[in-house]
Structure formats: structure tokens, C-alpha cells
Amino acid sequence: MDDCVFCRIIKGDIPSDKVYEDEYITVIRDINPMKPVHLLVLPKKHYTDILDFAQCPDHDAVHEAILQAIPKLAEQEGVKESGFSVITNCGPDGGQSVFHLHFHLIGGDKIHWAKLAD
Ligand code: AMP
């Protein structure tokens with residue numbers, strides 16, 4: 001997907017602050033962090049969103065990689081004890097702006113859901 005910013009980051013065509021990578025996922029720091037810790041977990045394969053991911057028959061290994069990475073990332077970022085949120089936005093009302101599936105891992109400060117909304 002040449003026109004997908006996250007595909008281009010994963011390929012290394014666009015610079016990013018990468019914090020983790022394995023066979024299935026790349027994890028970068030969000031360019032516009034909402035809280036002191038704001039990572040983006042990006043599957044290397046292009047899925048548009050969680051709906052696309054859910055219906056893709058080959059998603060098990062990616063799913064597993066994400067579940068394995070989250071505790072390690074939380075520990076690495078120092079938020080495992082204090083807590084954090086994992087969020088994926090889907091579609092226009094979900095506020096999705098980049099149409100390559102990604103999970104925000106956000107922490108380092110208390111998250112007030114009401115204040116997340118515009
Ligand atoms: P969403 O609105 O859920 O689609 O989230 C997209 C996220 O990607 C936003 O939080 C942006 O700040 C972030 N973002 C967009 N471009 C980049 C980039 N080049 N490097 C890092 N994060 C980015």
C-alpha cells in the first residue's frame with residue numbers, strides 16, 4: 001500500500017520512533033502524543049481496521065503477537081503497574097484517521113474518557 005503512511009513507516013520509507021518490532025508487528029511512538037506514553041501497535045500486514053482484521057482468516061499469529069507485546073511494552077514504558085489504555089478507532093465516528101489497523105497504547109497519566117472527546 002504505497003499511499004498508506006503506516007505501511008511506509010513499516011517499510012522504513014518514512015522515519016519513525018520505533019520502540020519494538022517482530023515478525024508481525026511494528027510499534028512506534030505517536031507523533032502527537034495524548035499522554036506521556038502513547039505508542040501505536042501496527043500490524044505489518046495492511047488491514048484497514050478491526051473489522052477487516054476480524055474477517056481475515058490469517059489473523060491469528062498477528063493477534064497473538066499483539067497480545068504478547070502489550071505486557072512487554074507496558075513494562076518497558078513503566079506503565080504496567082499504574083495502568084494504561086489500549087484503543088483502536090474504527091471508521092468516521094470512531095475517529096479513525098489512518099486507515100491501517102493500529103492499537104493506541106496510552107498511559108503515564110490518568111485518562112478521563114469524557115475529556116478525550118472533542
Ligand atoms: P487514529 O486517529 O486512531 O487513526 O490514529 C492515528 C494516529 O496516528 C494519530 O494519533 C496520529 O497522531 C498518528 N500518526 C499519524 N502519522 C504519524 C506518523 N508519521 N508517525 C507517528 N504517528 C503518526
Side-chain angles (χ1 to χ4, degrees):
M1 297 284 287
D2 289 347
D3 56 348
C4 169
V5 65
F6 287 169
C7 283
R8 296 182 67 200
I9 284 174
I10 290 159
K11 273 176 72 185
D13 292 348
I14 296 178
S16 67
D17 188 353
K18 193 190 298 181
V19 299
Y20 177 80
E21 181 174 19
D22 64 26
E23 186 180 347
Y24 299 105
I25 60 173
T26 296
V27 183
I28 62 171
R29 291 193 193 283
D30 197 291
I31 206 167
N32 186 22
M34 294 171 58
K35 294 289 179 184
V37 174
H38 190 163
L39 306 180
L40 299 173
V41 179
L42 315 175
K44 288 187 171 175
K45 184 173 172 191
H46 183 95
Y47 304 96
T48 308
D49 54 28
I50 193 81
L51 298 176
D52 185 25
F53 187 54
Q55 70 180 10
C56 220
D58 67 347
H59 63 213
D60 283 359
V62 182
H63 190 188
E64 182 65 18
I66 293 167
L67 288 178
Q68 293 292 326
I70 285 172
K72 290 183 206 156
L73 292 164
E75 180 145 43
Q76 189 176 303
E77 296 294 316
V79 297
K80 196 170 177 183
E81 302 304 322
S82 54
F84 57 93
S85 291
V86 177
I87 300 164
T88 190
N89 296 321
C90 184
D93 282 358
Q96 186 176 6
S97 61
V98 178
F99 293 88
H100 177 126
L101 175 66
H102 53 283
F103 296 87
H104 300 256
L105 191 161
I106 301 172
D109 191 9
K110 191 144 182 81
I111 293 170
H112 297 279
W113 282 99
K115 293 183 186 166
L116 287 177
D118 286 330

* Asked: Would you call Lys45-Asp58 a salt bridge at under 4.0 Å N-O?
  -> yes
* To do: Grab the two heavy atoms, one from Gly95 and one from Asn89, that are nearest each other, plus how far apart they are.
  => C-CB, 4.1 Å
* Do Ile106 and Phe84 come close enough that some side-chain heavy atom pair is under 4.5 Å? -> no
* Structure fact -> On a heavy-atom basis, the closest approach of Gly107 and Val79 is C-CG1, 4.1 Å
* Structure fact -> d(Cys56 SG, Leu51 CG) to nearest 0.5 Å is 12.5 Å
* Asked: Are side-chain heavy atoms of Val27 and Leu42 found at a separation under 4.5 Å?
  -> no
* Asked: Distance from His100 atom NE2 to Asp3 atom CG, nearest 0.5 Å?
  -> 12.0 Å
* Asked: Has Asp93 got more than 12 heavy atoms of other residues, nucleotides or ligands less than 6.0 Å from its CG?
  -> no
* Between NZ of Lys18 and CD1 of Ile10, what distance do you get to the nearest 0.5 Å? -> 9.5 Å
* Asked: Should the pair Lys44-Glu21 be classified as a salt bridge under the 4.0 Å nitrogen-to-oxygen rule?
  -> yes
* Structure fact -> Hits for side-chain contact (heavy atoms from CB on, under 4.5 Å) against Thr48, two or more places apart or cross-chain, chain-then-number order -> His46, Asp52, Phe99
* Structure fact -> Between Pro36 and Gly108, the two heavy atoms sitting closest are CG-O, 3.6 Å
* To do: Is it possible for you to say whether Leu101 and Ile87 belong to one hydrophobic cluster, with membership spreading through side-chain heavy-atom contacts below 4.5 Å?
  => no
* Check whether the ring centres of His104 and His102 lie less than 6.0 Å apart, and answer yes or no. => yes
* Asked: Should the pair Lys72-Glu77 be classified as a salt bridge under the 4.0 Å nitrogen-to-oxygen rule?
  -> no
* Structure fact -> Correct closest heavy-atom pair for Pro43 and Val62 would be CB-CG1, 3.8 Å
* Smallest separation among heavy atoms of Cys90 and Gln96, with atom names -> CA-OE1, 3.4 Å
* Honestly curious: do Leu105 and Met34 fall in one hydrophobic cluster under the side-chain, below-4.5 Å linking rule? -> no
* **Gap between atom CG of Leu40 and atom CG of Asp30 - 0.5 Å precision** => 4.0 Å
* **Hphob cluster co-occupancy, Ile9 + Tyr20, side-chain heavy atoms under 4.5 angstrom** => no
* **Atom pair CD/NE2 of Gln68 and His63 - distance to nearest 0.5 Å** => 11.0 Å
* State, yes or no, whether a side-chain contact exists between Phe103 and Ile25 at a heavy-atom distance under 4.5 Å. => no
* **Residues that, via side-chain heavy atoms closer than 4.5 angstrom, fall in one hydrophobic cluster with Ile31** => none
* **Lys35 side chain near Ile111 side chain, heavy-atom distance below 4.5 Å** => yes
* Considering residues at least two apart in sequence or located in another chain, which fulfil the ring-ring contact (aromatic ring centres under 6.0 Å, His included) criterion with Tyr47? -> Phe53
* **Side-chain touch Val19/Leu73, heavy atoms, less than 4.5 angstrom** => yes
